[in-house]
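Below: one structure, written as C-alpha cells.
Being a predicted model, the structure only gives us computed values, none of them experimental. In each ligand, atom 1 is the first atom listed, and ligand 1 is the first ligand listed.
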Amino acid sequence: MCGIVGYVGEKQALTVVVEGLRRLEYRGYDSAGVAVVCGDRLETRKKAGKLANLEVLLGSDPLPASTTGIGHTRWATHGAPNDVNAHPHVSEDGRIAVIHNGIIENFAELRAELAADGVLLTSETDTEVVAHLLAAQSPLVGGDLAEAMRQVCRRLEGAFTLVAIDSEQPNLVVGARRNSPLVVGRGEGENFLASDVSAFIAYTREAIELGQDQVVALTPESIVVTTFDGEPAEISEFTVTWDASAAEKGGYDTFMLKEIAEQPRAVADTLRGRIGREGLLQLDEMRLGDVELREIDKIIIIACGTAYHAGLIAKYAIEHWTRIPCEVELASEFRYRDPILDRQTLVVAISQSVETMDTLMAMRHAREQGSRVLAICNTQGSTIPRESDAVLYTHAGPEVAVASTKAFLTQVVACYLVALYLAQVRGNKFGDEIVAILRQLSDMPQKIDLMLDTVEPVRELARAFVHARSVLFIGRHVGYPVALEGALKLKELAYMHAEGFAAGELKHGPIALLEEGLPVIVVVPSPRGRSVIHEKIVSNIQEVRARGALTIVIAEEGDESVTPYADHIIRVPECPTLMQPLLATVPLQVFACEMATAKGHDVDQPRNLAKSVTVE
Ligand code: AGP
C-alpha cells in the first residue's frame, strides 16, 4: 500500500518520479504528491485522488527544474484522503520532505511530544511526525540527514518505509525500511529508490534489496547502506529478469485484460526448467533437503484473498498426492488462534506481491514456533522470500491490475509442483505417475489458450447481467475455491454482491437467497470416470433451477448431462479434475472484467483497494 519513488542523478527528477508513480499507482490511488530540491529550498505539489489530478496541478503550477526528487501515491490509513493528508509532508522550517508507506504505531505519543514542544502539526497523518522529528534531530547530528533518519527510526514502532530529502543536502535521497518494501535501483551517475522495481525498470535492471531496519543514502554516485545503528549493512543485489515492456499494457485496454491473456505463457513459465530429462521434477531452488521433506507430517498453507483461494485448491492436490494432512488458513487469522506448529510442520506462504503484512506476520509466527516455511512468490526483492526457508517463484511476470489473475493460476501450478515434489521425494507416487501428472500440467498452457479463444460469449453474458443485484457461484471439490475466486473477482471489480458456496452447502441455508432470475454460476467437474461429485452437482443445478434462478454452467466439452438444466453453458476443454481450476477460473475473470467495464468502473484500480496490502 502506497507507492514510493526517489531519484537523484542528472535527469529531471520530476519526469522520473511521475513516471515511477504511474507504474506504482496500483499500490494506492487516494492521493499523489511530489517534492523536489531546487537551489536551497524544497518545492512540493500534492493532490487528492489519482495521479492524473496531480498531473493537472503540475500543469497549472509547474515545479522548477531539479535533479533530486521524491514522489508518493497514497492508500489512506491515518487521515482522510484529501490534499492536506497527501504526502510528502514537510518540516515546519520547510527544509525536509518525507514520504511514507506503512503505519507508525506510536505516532500519537510522538505527536503529543512534538505538540508539547510547540510544533504545529497540520495533517492527521502519522507520517508528518517524521518530518518534524528529522528536522529536530538534524542539527544535533551536524545536519547529516542519513544519521538523523537512523536516530529517528530507532524511535519509531510499526511498519514503515520512509524516504526523505533535505534542501540543505541537494544531491541526497535517504530511505529507511522496517517491514515495508523498499528497493534501490543502481544506475550510471544516478540512483533510484522505490517500493518496487517497476518504478525504475525503464532506467535500470540492477537492483538492491534493502534488509530489515536499514537506512540507505543515495547520491548520484554512491549507495551507502547501514543498519539503524549505523553499522555497514550487507546488501543483496539482483538483476530484474523482465524489462519495461512487461509492465506496459501492450495494446490492451487494461492491464487486467493483458494479464488474463498472458496466462498461458505465465503457466508455461512456472513450469519451465523444473521438469528434468526423465520427466521428473527438479526444483533446484528448493532449499529444503530430502531428509527435511521426509520429516514433514503436516502442511499449513497461509495466504490472503486470491492467494488463499489458490491454497484451497492446492489442499486437494497435496492431500491426494502426498497423503500429508493439509490445512489452509487466512494469514490474518492464523497467528491469533494459537496454531499447533512444530519442526515437522511445513508452512507454505503464498503471496504474489511478497509484501502482504498479514502473510509476513503469519509466517514469522510459524518460524518462531520452529516450523519450516516455504514461500510461493512472484515478485523479487522483499521480506517474505528472504525470511523463508525455501522459495519457489511463480515467474508470472509483473501483475499490475489490482485484481489478481495470472498470479492465481501460477500459484496453483507452483503449489502443485511442491505437492508433486513431496510425493516424489517421499515415494508417495511412482515415478511414472509423477511423469503423467506433469504431462497433464504441461498441457495446460495450450488448453488455457483454447479457453481464451472461446470467451466472447462470456463477455456477452456479463453485459446481459450488468443490472443483476447479486450473482452466486457454486462448486464442489476444487470447483468450490474456483467459485469463491469468481465471487471475489466480481465483488472487487463490479462492486456487487457476489458469493461463492460449496454446492453441497446450499441446502443448509444459502438456498433461501434464490429467487426468480438470480444468476447462479455453477462450476461442474469432469464427468469422466463417473465422478460422484459430477453427479451431485448436476442435482444441485436442478435444485437451483427449480427455484427460478438462472443457471450459468461451466462444464467440460461434450458433457451433455448438464444441458437440460443450464440456461447458459460455458465450455472448458477436457482435462483431469485437479487441472480444471486452471481453465474454469478464466471465464470468471473475463465475466468480472467485462461486467466492471460495462458498469464504467476502473478495472485496473478498483475503488478502495490497493495491490499490495502492507498493513495488517
Ligand atoms: C485479489 O484479486 C486481490 N488482489 C487480493 O485478494 C490478493 O490476492 C491478496 O491481497 C493477496 O495478495 P498477495 O498475493 O500479494 O499476498
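In the displayed structure, R337 atom CZ is contacted under 6.0 Å by more than 12 heavy atoms of other residues, nucleotides or ligands. Enclosure of atom CG in D253 is not indicated, since only 12 or fewer non-hydrogen atoms of other residues, nucleotides or ligands lie within 6.0 angstrom. Annotation: D284, atom CG; neighbour count of heavy atoms from other residues, nucleotides and ligands within 6.0 Å is above 12.
A donor-acceptor pair shorter than 3.5 Å cannot be found between the side chains of E399 and N378. Using a 3.5 Å distance cut-off with no hydrogens or angles, the side chains of K406 and T394 do not pair a donor with an acceptor.
With respect to atom 10 (O) of ligand 1, the closest heavy atom belonging to the protein is V613 CG2, 4.1 Å.
Residue contacts with ligand 1, taken as heavy atom pairs separated by less than 4.0 Å, do not involve L609 at all.
Atom numbering of ligand 1 starts at 1 in the shown order; those under 4.0 Å from a heavy atom of A403 are 2 (O). Within the listing of ligand 1, atoms 8 (O), 14 (O) sit less than 4.0 angstrom from a heavy atom of A307. Residue G305 has at least one heavy-atom neighbour below 4.0 Å for each of these atoms of ligand 1: 6 (O). Atoms of ligand 1 lying under 4.0 Å from any heavy atom of Q352, numbered from 1 in the order shown and given with element: 13 (P), 14 (O), 15 (O), 16 (O). Proximity to S351 (heavy-atom distance under 4.0 Å) selects the following atoms of ligand 1: 13 (P), 14 (O), 15 (O), 16 (O). Each of the atoms 2 (O), 3 (C), 4 (N) of ligand 1 lies under 4.0 Å from some heavy atom of V402. Atoms of ligand 1 lying under 4.0 Å from at least one heavy atom of K489, given by number and element, are 1 (C), 2 (O). Taking a cut-off of under 4.0 Å to the non-hydrogen atoms of E492, the atoms of ligand 1 that pass are 1 (C), 2 (O), 3 (C).
Any N or O atom pair closer than 3.5 Å counts here, and T356 shares at least one such pair with ligand 1. Not one N or O of T359 is nearer than 3.5 Å to an N or O of ligand 1, by distance alone. Backbone and side-chain nitrogen or oxygen atoms of V354 are examined, and none is located within less than 3.5 angstrom of a nitrogen or oxygen of ligand 1.
The existence of a salt bridge linking R27 and E355 is confirmed by a sub-4.0 Å separation between a basic side-chain nitrogen and an acidic carboxylate oxygen.
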Q.
Test ring-ring contact (aromatic ring centres under 6.0 Å, His included) on F501 and F473; report intermediate values, then the result.
A. CA-CA 6 Å; F501 298 107; F473 295 73; 9.8 Å; no

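The option with the heavy atom closest to atom 15 (O) of ligand 1, from among S332, S353, A349, is S353.
A cation-pi arrangement is absent between R74 and Y29 under the rule of less than 6.0 angstrom and at most 45 degrees off the ring axis.
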